[in-house]
*Asks:* 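Just dropping this structure here.
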Amino acid sequence: MKFLVMNGVNLNLTGMREKGVYGTETLEEINAKIKAFAENNGDSVDFYQSNIEGELVNKLHEAYLQKTCDGILFNAGAYTHYSYALRDAIAAIDIPVVEVHMSNVHAREEFRHVSVLSEVCKGVVSGFGAASYVAALVGLKGIN
């Protein structure tokens, strides 16, 4: 299977910001672990990160229109809590998407308890640090 891992706003600073919440591994290091896991299981993975909401929408559209993947792991960052544009883009495509969070969003500030994306995603994985991505990949692989 082919997977797309999408990371949204501020995730390019992973490993540098809020280390107590997100850990010390950089996004590049996390991506390398995801890639190794995928390849060890006969799968492939591409990565995309943007701080710009419209670029994330465009990437979802591209994945759908060009049929570039079988499943998407998506950590939208703070966009999770208010981006109806991303919600609608996920709802518009027929590729299963799993919402991913490294932190347990339900153990954090109250505004993080609500996701506008969850309703249109196949599942949600949160709270396992970088391993949340691998858990989401395993989950997506299991439904296809």
Side-chain angles (χ1 to χ4, degrees), residues 1-15 17-18 21-23 25-144:
M1 293 183 67
K2 185 164 177 83
F3 297 97
L4 172 62
V5 176
M6 293 180 57
N7 284 287
V9 65
N10 296 317
L11 287 156
N12 58 305
L13 298 179
T14 301
R17 72 179 189 77
E18 297 180 86
V21 174
Y22 300 107
E25 287 182 291
T26 66
L27 188 58
E28 292 75 22
E29 291 168 332
I30 293 168
N31 287 348
K33 287 183 177 182
I34 299 166
K35 182 179 174 99
F37 180 86
E39 289 176 351
N40 285 339
N41 288 282
D43 301 309
S44 64
V45 62
D46 288 324
F47 300 93
Y48 182 78
Q49 190 280 325
S50 179
N51 292 315
I52 302 170
E53 183 180 31
E55 289 180 359
L56 295 165
V57 169
N58 286 343
K59 192 65 174 180
L60 290 164
H61 291 182
E62 176 187 304
Y64 170 66
L65 294 171
Q66 296 180 14
K67 305 294 182 206
T68 59
C69 63
D70 302 303
I72 299 171
L73 291 65
F74 191 13
N75 184 343
Y79 289 138
T80 300
H81 313 294
Y82 66 88
S83 178
Y84 293 103
L86 287 171
R87 183 209 181 279
D88 289 349
I90 293 167
I93 66 175
D94 65 358
I95 302 169
V97 177
V98 173
E99 179 182 330
V100 177
H101 302 284
M102 289 186 280
S103 68
N104 178 353
V105 293
H106 299 288
R108 297 184 64 197
E109 304 92 340
E110 190 171 326
F111 76 90
R112 295 186 196 277
H113 300 183
V114 176
S115 166
V116 300
L117 307 181
S118 296
E119 182 181 349
V120 294
C121 288
K122 189 68 175 174
V124 179
V125 178
S126 69
F128 297 101
S132 292
Y133 293 95
V134 172
L137 192 147
V138 169
L140 275 176
K141 190 169 171 128
I143 64 167
N144 286 314

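Because only heavy atoms are used, hydrogens play no part in the values below, and waters and symmetry mates are left out as well, while side chains stay in. All residue numbers in this chain count up from 1 along the given sequence.
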*Asks:* Does some side-chain heavy atom of L117 sit less than 4.5 Å from a side-chain heavy atom of I90?
*Replies:*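 In contact.
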
*Asks:* Taking salt bridge (Lys or Arg N to Asp or Glu O under 4.0 Å) as the definition, give me every residue that meets it alongside E62, ordered by chain and number, with sequence neighbours left out.
*Replies:* K59

*Asks:* If you count heavy atoms of other groups shown closer than 6.0 angstrom to OH of Y82, is the number above 12?
*Replies:* yes

*Asks:* Got a second to check how far N10's CG is from N75's CG, nearest 0.5 Å?
*Replies:* 10.5 Å

*Asks:* Would the number of heavy atoms belonging to other residues, nucleotides or ligands and lying under 6.0 Å from NZ of K67 be above 12?
*Replies:* yes

*Asks:* Take F3 and M1 through the test side chain to side chain contact (heavy atoms under 4.5 Å, CB included) and record every step on the way to the result.
*Replies:* CA-CA 7 Å; F3 297 97; M1 293 183 67; 3.8 Å; yes

*Asks:* I'd like to know if the side chain of E39 and the backbone of S44 have a donor-acceptor N/O pair within less than 3.5 Å.
*Replies:*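 The answer is no, because no donor-acceptor pair under 3.5 Å joins these two groups.
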
*Asks:* State the OH-OG1 distance between Y48 and T68, to the nearest 0.5 angstrom.
*Replies:* 12.0 Å

*Asks:* Can you tell me how far apart CE (M6) and CZ (F74) are? Round to the nearest 0.5 Å.
*Replies:*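 If I round to the nearest 0.5 Å, the distance is 4.0 Å.
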
*Asks:* Would a distance-only check, ignoring hydrogens and angles, find a side-chain to backbone donor-acceptor pair under 3.5 Å from E29 to T26?
*Replies:*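 Pair found, side chain donor or acceptor close to backbone of T26.
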
*Asks:* Please answer whether the main-chain N or O of D43 pairs with a side-chain N or O of N41 as donor and acceptor at a distance below 3.5 Å.
*Replies:* no

*Asks:* Distance only, no hydrogens: is a donor on one side chain within 3.5 Å (strictly under) of an acceptor on the other, for N7 and Y133?
*Replies:* yes

*Asks:* If you apply the rule side chain to side chain contact (heavy atoms under 4.5 Å, CB included), what do you find for V45 with L4, and how did you get there?
*Replies:* CA-CA 6 Å; V45 62; L4 172 62; over 6 Å; no

*Asks:* Can you give me the closest heavy-atom contact between A63 and C69, atom names plus distance?
*Replies:* CB-SG, 4.0 Å

*Asks:* Under the criterion side chain to side chain contact (heavy atoms under 4.5 Å, CB included), I'd like the reasoning laid out for D94 against Y64: C-alpha separation, chi angles, the key distance, then a yes or no.
*Replies:* CA-CA 7 Å; D94 65 358; Y64 170 66; 3.2 Å; yes

*Asks:* Backbone N or O of L11 within a donor-acceptor pair of the T14 side chain at under 3.5 Å?
*Replies:*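 Side chain of T14 to backbone of L11, a donor-acceptor pair under 3.5 Å: yes, one is there.
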
*Asks:* Taking C-beta and beyond as the side chain, do V5 and I72 meet within less than 4.5 Å on heavy atoms?
*Replies:*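 Not in contact.
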
*Asks:* Kindly compute the distance separating CD (Q49) from CG (L13), expressed to the nearest 0.5 Å.
*Replies:* 8.0 Å

*Asks:* Side chain to side chain contact (heavy atoms under 4.5 Å, CB included) between V116 and T80: does it pass, once the steps are laid out?
*Replies:* CA-CA 6 Å; V116 300; T80 300; over 6 Å; no

*Asks:* Determine whether V98 and V124 make a side-chain contact, defined as any pair of heavy atoms from C-beta on separated by less than 4.5 Å.
*Replies:* no

*Asks:* Assess, by modelled atom type and distance only, whether the side chains of N51 and E53 contain a donor and an acceptor separated by less than 3.5 Å.
*Replies:* no

*Asks:* Look up atom CG in D88 and atom CG in L60, then write down how far apart they are to the nearest 0.5 Å.
*Replies:*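 The CG atom of L60 is 11.5 Å from CG of D88, to the nearest 0.5 Å.
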
*Asks:* Is any NZ, NE, NH1 or NH2 atom of the basic residue among K2 and D46 found under 4.0 Å from an Asp or Glu carboxylate oxygen of the other?
*Replies:* yes

*Asks:* To the closest 0.5 Å, what do you measure between CG (N58) and CG (L65)?
*Replies:* 10.0 Å

*Asks:* When you look at S115 and E99, which way does the side-chain hydrogen bond (donor to acceptor under 3.5 Å, both in side chains) test go after all the steps?
*Replies:* CA-CA 9 Å; S115 166; E99 179 182 330; 2.9 Å; yes

